[in-house]
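A, B, ... follow the sequence lines: proteins, then strands. Residue 1 opens every chain.
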Number of protein chains: 2
Amino acid sequence: MGDLAGRRSAPASFAPGQPHQIVFFEANAEIYAQGERAAALYQVEYGVVRLYRLLSDGRRQISAFHVAGEVFGFEADGQHHFFAEAVGDAGIRIFRQPAGEGNWRPTLDAALAALVRAQEHLLVVGRQNAAERVAAFLLDMMQRQGGECIELAMSRTDIGDYLGLTIETVSRTLSKFKSAEVVQLEGRRLLKIADVRALRALCT
Amino acid sequence: MGDLAGRRSAPASFAPGQPHQIVFFEANAEIYAQGERAAALYQVEYGVVRLYRLLSDGRRQISAFHVAGEVFGFEADGQHHFFAEAVGDAGIRIFRQPAGEGNWRPTLDAALAALVRAQEHLLVVGRQNAAERVAAFLLDMMQRQGGECIELAMSRTDIGDYLGLTIETVSRTLSKFKSAEVVQLEGRRLLKIADVRALRALCT
DNA sequence: CGAATTCTTGAGCCCGATCAATAGTTGTGG
DNA sequence: CCACAACTATTGATCGGGCTCAAGAATTCG
């Protein structure tokens with residue numbers, strides 16, 4: 001099996017010395033739900049996590065994927081505003097007393113990183129077309145996994161709900177990239193980026 | 001002239017006792033630019049501020065508007081990732097040493113509020129249609145200004161760039177709301193929400 | 001191996017973009 | 001105060017990218 005998506009390196013602990021436990025979630029398990037009262041922080045040990053919100057008719061927007069080492073689960077007013085689920089099997093380090101006196105700095109840094117990410121993603125979803133969105137997604141995954149070979153932990157549906165597209169459009173766009181020899185597809189989860197430059201040109 | 005948008009109440013200082021200065025910006029003046037090195041925090045005293053990013057061909061996505069009392073200008077890696085401009089004339093309180101030992105709590109809270117806002121906005125832009133987006137915008141403005149009468153500080157172009165729509169679509173949608181008697185338009189800047197329930201029904 | 005699931009591909013349509021013209025508003029100077 | 005220019009917003013007509021509906025192919029799993 002692939003040993004890529006995030007499992008390759010043990011991530012540095014977010015808050016060394018702080019009390020925490022590691023919890024294992026299987027694919028599609030809920031980590032927390034919107035509206036849940038909570039005051040913990042979560043760090044991905046391995047696997048991928050999706051954060052999302054729903055509209056009443058079921059439309060879903062995934063606001064972020066998180067991979068090994070990343071911290072998520074910030075809440076305002078002591079309440080979660082999103083759902084968090086494991087995409088595939090995942091291990092999560094949970095800190096129950098996160099924002100203690102000692103480690104407000106890393107907490108703030110992680111929150112700011114998430115903020116910048118969210119706002120940058122807004123530009124993609126608000127102002128770029130299908131090809132540009134998929135290109136941005138692939139480049140982001142490439143950067144996070146640190147190589148041109150990408151193991152997609154998430155389904156086409158997840159990708160669509162992240163990019164604000166339908167699965168058909170995601171699939172068609174990937175096929176176009178394939179026939180333009182910008183990417184190579186090996187099965188549906190493995191993908192190699194053959195022409196990074198072409199992708200970069202798409203999302204200036 | 002109108003005395004609504006944000007000028008009505010002197011906002012509480014973000015970090016009481018911290019050294020700061022108040023700077024005045026006229027309409028469309030730049031507060032800071034993307035890529036600028038900086039380590040300050042900004043609080044709107046009066047007026048409205050827009051944060052945005054650009055694509056190389058000029059497409060613009062406004063990630064947030066900020067009104068009186070709100071704090072903005074967080075940066076990661078000591079660098080601004082966005083542009084900030086005054087929409088109309090605005091007064092901004094600038095804190096040069098923001099994240100000092102004493103006030104990391106309010107800083108973190110403000111950052112988390114911005115994060116939640118950005119991620120919620122992502123749902124609007126990624127998964128809602130034109131009418132739903134405009135409805136969400138109007139409800140947001142209503143809530144921030146605290147009444148059914150809204151003074152729009154920003155142009156149709158700004159609204160479009162915030163919602164990921166063209167100005168024509170924004171204009172058409174507002175006209176539809178008007179003929180459906182959901183809103184009343186008085187001039188192009190003043191707007192009264194006549195049927196809050198109808199708007200709420202649109203963005204469940 | 002067969003069933004269930006996920007993905008790909010095709011055909012047609014619709015919402016919002018684009019292009020274009022008109023109307024309204026704001027600001028300036030006589 | 002009005003005349004004019006410059007800008008901003010509205011409205012109309014047309015186009016096209018991505019959605020919807022539908023079928024078939026590939027992959028996963030029991």
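- Around atom CD of A/Gln21, more than 12 heavy atoms belonging to other residues, nucleotides or ligands sit under 6.0 Å away.
- Remark: A/Tyr52 engages A/Glu85 in a side chain to side chain donor-acceptor pair (under 3.5 Å) (not counting sequence neighbours).
- At least one test fails for A/Arg50 against the ring of A/Phe65: distance under 6.0 Å to the centre or angle within 45° of the axis.
- Of the residues in residues 159-169 of chain B, those placing a heavy atom less than 4.0 Å from an atom of DNA chain C are B/Gly164, B/Leu165, B/Thr166, B/Glu168, B/Thr169, in numerical order.
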Give every pair of a protein N or O atom and an N or O atom of nucleotides 25-27 of chain D that lie under 3.5 Å apart, one pair per line with the distance.
| from | atom 1 | to | atom 2 | distance (Å) |
| --- | --- | --- | --- | --- |
| D/dT27 | O4' | A/Arg188 | NH1 | 3.1 |

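- Among D/dA9, C/dC7, C/dT8, the nucleotide with an atom closest to any side-chain atom of B/Ser171 is D/dA9.
- The 5' end of DNA chain D is approached more closely, in terms of each residue's nearest nucleotide, by B/Arg172 than by the other of B/Arg172 and A/Lys176.
- With sequence neighbours left out, the side chain to side chain donor-acceptor pair (under 3.5 Å) criterion links A/Arg189 to no other residue.
- No salt bridge links A/Lys192 with A/Glu148; every basic N to acidic carboxylate O contact stays at or beyond 4.0 Å.
- Between B/Asp140 and B/Arg117, at least one side-chain N (NZ, or NE/NH1/NH2) sits under 4.0 Å from a carboxylate O, which counts as a salt bridge.
- For the segment residues 118-142 of chain A, no residue has any heavy atom less than 4.0 angstrom from an atom of DNA chain C.
- Evaluation of the ring-ring contact (aromatic ring centres under 6.0 Å, His included) test over residues 171-204 of chain B, restricted to residues two or more places apart or in two chains, returns none.
- Judged by distance alone with a 3.5 Å cut-off, no donor-acceptor contact links the side chain of B/Arg156 to the base of C/dT25.
- A 6.0 Å sphere centred on CD of A/Glu186 holds more than 12 heavy atoms belonging to other residues, nucleotides or ligands.
- For the OP1/OP2 pair of C/dT6 and a distance below 4.0 Å, the side-chain nitrogens and oxygens of A/Arg189 include no atom meeting the criterion.
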